[in-house]
Amino acid sequence: MEDSGDYRLAVTATGEIPVTFILTVDLGGGAEAAWILETDGITYGSTKLSLGDDAETVIDKITDFLGHGVRGRYAEFDTGWSDEPGNIGLRGVFIENMAFLFYGPSTDYPGYAERLARIRYEGPGTDADGDPRPANYVTTELGVTVGHDLAYLEEVYGSRVSSGSNSSEHYYRFSDSGGELCFYFGGSSPSDSSKILEIATECRD
C-alpha cells in the first residue's frame with residue numbers, strides 16, 4: 001500500500017439507517033530510525049554490522065553511510081593493549097554519540113584483527129555539518145531510545161527486561177538468542193520517570 005499521497009474514503013449506508021464510524025489515521029510518529037540497535041549488532045538501513053565484524057569493515061561502512069569520516073576519541077576507550085598474556089585490548093571510536101568498541105591484538109595473538117565487540121549509544125548527536133540528529137535517530141528494534149523513561153521501557157518490553165546494577169550504575173537488561181541490550185539509568189535506583197541515559201550491547205556487570 002502506498003504510504004504517501006491523497007486518498008478518499010467512501011462510506012455507503014445500507015437503507016435509511018445512518019452510519020456512525022470512527023476513522024483512525026496512524027501517521028507513524030514521524031521518520032523511522034536510521035540506526036537500529038540489536039543484541040548482536042547494529043543495522044543502518046538494510047545493512048547489518050554484527051558484533052565480531054572486523055574494524056576496517058565497520059568503520060568503512062559507517063563512513064560510507066554518513067558521508068564523512070569518523071571523529072576519534074580513542075583514549076577514552078583504550079585499555080593500553082595490555083601486556084598480560086591472553087588479555088586482548090579494547091579500544092574504540094566515537095561516531096555521532098555512538099561508541100564502537102573493538103577488541104584488538106594481544107601478546108598471544110599480535111596479528112589478531114580488531115573485531116567489533118560492543119556498541120554504546122548516549123543520545124542523538126550532530127552530523128558532519130553540526131546539525132542535530134533527531135531524537136529517534138538510533139533506537140532498539142522496538143523503538144526504545146535514550147531519553148525514554150523506565151515506564152515506557154517496561155511498557156514496550158514487559159517482563160523481558162530485568163533490573164540490575166554494578167558498583168556505580170543501575171540498568172535494565174534485555175536478552176535474546178543474539179545477546180543482550182543494557183539500558184542505563186545512572187547511579188541511583190530508577191523510578192518510572194527516570195530517563196534512559198545510555199543503551200549498550202553488553203552490560204557492565
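The figures here come from the full heavy-atom set of this structure, side chains too, leaving out hydrogens, waters and symmetry mates.
- Taking CZ of Arg118 as the start and SG of Cys203 as the end, the distance is 10.0 Å to the nearest 0.5 Å.
- When all heavy atoms of Ser175 and Glu180 are compared, the pair lying nearest together is OG-CB, 3.8 Å.
- Residues Val144 and Tyr152 have side chains in contact (heavy-atom distance under 4.5 Å, counting atoms from C-beta outward).
- Residues Leu116 and Leu66 share a single hydrophobic cluster, defined by chaining ILVMFWY side chains whose heavy atoms lie under 4.5 Å apart.
- Minimum heavy-atom separation, Pro124 to Pro134: CB-O, 3.4 Å.
- Looking at heavy atoms from C-beta onward, Lys48 lies out of side-chain contact with Ile42 at the 4.5 angstrom threshold.
- For Glu38 and Thr43, the side-chain atoms include at least one donor-acceptor pair closer than 3.5 Å.
- Under the 4.5 Å side-chain heavy-atom criterion for grouping Ile, Leu, Val, Met, Phe, Trp and Tyr, Phe65 is connected to Ile119 within one hydrophobic cluster.
- Atoms SG and CZ, on Cys182 and Arg204 in that order, are 7.5 Å from each other to the nearest 0.5 Å.
- When side chains are defined from C-beta on, Glu122 does not count as touching Val146, because their heavy atoms never get closer than 4.5 Å.
- Smallest separation of non-hydrogen atoms from Gly52 and Arg115: O-CD, 3.0 Å.
- Phe185 pairs in a side chain to side chain contact (heavy atoms under 4.5 Å, CB included) with only one of the listed residues (Asp149, Leu150, Leu197), which is Leu150.
- Note on Ile36: it does not cluster hydrophobically with Val58, by side-chain heavy-atom contacts below 4.5 Å among ILVMFWY residues.
- For the pair Ser165 and His170, the tightest heavy-atom approach, listed with the atom from each and the gap, is CB-ND1, 3.8 Å.
- Proximity of Thr201 to Leu51: side-chain heavy atoms (C-beta onward) are separated by under 4.5 Å at one or more points.
- For the pair Asp127 (side chain) and Asp129 (backbone), a donor-acceptor distance under 3.5 Å is present.
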Inset, instruction - For side chain to side chain contact (heavy atoms under 4.5 Å, CB included), just list the numbers for Ile196 and Thr145, CA-CA rounded to whole Å, side-chain angles, deciding distance to a tenth of an Å, and then say yes or no. - result: CA-CA 7 Å; Ile196 298 170; Thr145 191; over 6 Å; no

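- Looking at every heavy atom in both residues, Glu96 comes nearest to Arg133 through OE1-NE, 2.9 Å.
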Legend entry - Intermediate values then yes/no, side chain to side chain contact (heavy atoms under 4.5 Å, CB included), Glu154 and Arg160: CA-CA 8 Å; Glu154 292 187 311; Arg160 292 182 294 168; over 6 Å; no

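- Ser50 and Asp53 share no side-chain donor-acceptor pair at under 3.5 Å.
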Inset, instruction - Given side chain to side chain contact (heavy atoms under 4.5 Å, CB included), test Leu142 with Phe174 step by step and report yes or no. - result: CA-CA 12 Å; Leu142 297 185; Phe174 166 72; over 6 Å; no

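- Using a 4.5 Å cut-off on side-chain heavy atoms (C-beta onward), Arg173 and Val161 make no contact.
- Grouping the Ile, Leu, Val, Met, Phe, Trp and Tyr side chains by contacts below 4.5 angstrom, directly or via other members, places Val156 with Leu37.
- Checking Asp176 against Thr39 by side-chain atom types alone, a donor-acceptor pair falls below 3.5 Å.
- Asp64 is not listed as a side-chain neighbour of Lys61, based on a closest heavy-atom distance of 4.5 Å or more.
- Here the straight-line distance linking atom OG1 of Thr57 with atom CD1 of Ile62 works out to 11.0 Å at 0.5 Å rounding.
- Scanning both residues, Thr63 and His68, for their nearest heavy atoms gives CG2-O, 3.4 Å.
- Of the possible donor and acceptor atoms, none in the side chain of Thr139 sits under 3.5 Å from a partner among the backbone N and O of Asn136.
- Counting non-hydrogen atoms of neighbouring residues, nucleotides and ligands closer than 6.0 angstrom, the CD atom of Glu56 reaches no more than 12 such neighbours.
- When each of Tyr172, Tyr171, Tyr121 is paired with Tyr184, the ring pair (Phe, Tyr, Trp, His ring centres under 6.0 Å) condition holds for Tyr171 and for no other.
- Using the six-membered ring where Trp is involved, Tyr157 and Phe183 have ring planes that are tilted, between 30° and 60° apart.
- No hydrogens or angles considered: nothing links the side chains of Glu155 and His148 as a donor-acceptor pair under 3.5 Å.
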